[in-house]
Amino acid sequence: MELLFVYLTICATISCALASDPDLLQDVCVADFASGTKVNGFACKDAADITAADFFYDGLAKAAVPNNPFGTVRTMAFVNQIPGLNTMGVSLAEPTLHQAA
């Protein structure tokens with residue numbers, strides 16, 4: 001009985017170890033706009049070429065000027081502005097509401 005328990009424990013440990021994904025293909029996929037290949041978005045940059053600027057967009061921090069009678073503006077950020085959003089299916093929006101005159 002003890003031998004069966006040891007055998008099952010070893011099998012469970014090995015199966016968990018083999019189930020991991022050592023390839024970072026989709027874990028970190030910053031858009032490479034220079035590449036002509038498009039697979040599920042833009043092609044991925046090499047991990048050595050990724051910088052902090054790939055995950056930052058200062059356009060969301062700037063105050064927008066309303067251009068309609070409701071005094072509202074929205075600032076959008078997609079993968080073109082934040083390359084780190086590539087293949088995540090995420091976009092950002094910042095609504096700006098101004099007091100009516």
Side-chain angles (χ1 to χ4, degrees):
M1 189 62 150
E2 289 180 19
L3 185 60
L4 179 63
F5 178 74
V6 171
Y7 176 74
L8 290 176
T9 304
I10 290 173
C11 288
T13 304
I14 291 173
S15 66
C16 289
L18 296 177
S20 66
D21 184 13
D23 187 14
L24 295 177
L25 177 65
Q26 292 298 320
D27 293 338
V28 177
C29 183
V30 175
D32 183 10
F33 300 120
S35 175
T37 307
K38 294 191 192 267
V39 178
N40 190 21
F42 293 96
C44 301
K45 279 186 180 181
D46 285 335
D49 297 333
I50 297 173
T51 63
D54 294 326
F55 299 92
F56 179 77
Y57 174 58
D58 63 347
L60 294 174
K62 296 178 183 173
V65 178
N67 56 0
N68 59 41
F70 301 109
T72 61
V73 179
R74 71 173 183 254
T75 305
M76 304 293 286
F78 299 101
V79 69
N80 294 335
Q81 290 83 21
I82 307 174
L85 297 178
N86 191 33
T87 71
M88 291 184 166
V90 176
S91 59
L92 301 173
E94 181 223 357
T96 304
L97 306 172
H98 290 274
Q99 185 176 8

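- Under a 4.5 Å side-chain heavy-atom criterion applied to ILVMFWY residues, the cluster that includes F78 comprises M76 as well.
- Side-chain contact between F42 and N80 is present, with at least one heavy-atom pair separated by less than 4.5 Å.
- Checked by atom type and distance alone, the side chain of D54 pairs as donor or acceptor with a backbone atom of T51 at under 3.5 Å.
- Hydrophobic clustering (side-chain heavy atoms under 4.5 Å, transitive across Ile, Leu, Val, Met, Phe, Trp, Tyr) keeps V79 apart from F56.
- Evaluation of the ring-ring contact (aromatic ring centres under 6.0 Å, His included) rule for F55 yields no partner, not counting sequence neighbours.
- The two residues L60 and E94 come nearest to each other via the heavy atoms O-OE1, 3.0 Å.
- Within a 6.0 Å radius of CG in L3, other residues, nucleotides and ligands contribute 12 heavy atoms or fewer.
- Contact record, L85 with S91: CD1-CA, 4.4 Å, taken as the closest heavy-atom pair.
- Panel note: side chain N68, backbone T72; a donor-acceptor pair is recorded below 3.5 Å.
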Taking only distance into account, with no hydrogens and no angle test, what donor-acceptor pairs under 3.5 Å do side-chain atoms of residues 29-36 form with protein atoms, sequence neighbours excluded?
from	atom 1	to	atom 2	distance (Å)
D32	OD1	A34	N	3.4
S35	OG	T37	N	3.3

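- For the atom pair SG (C44) and CD1 (I50), the distance works out to 8.0 Å, reported to the nearest 0.5 Å.
- The nearest pair of heavy atoms linking N86 to A43 is ND2-O, 3.9 Å.
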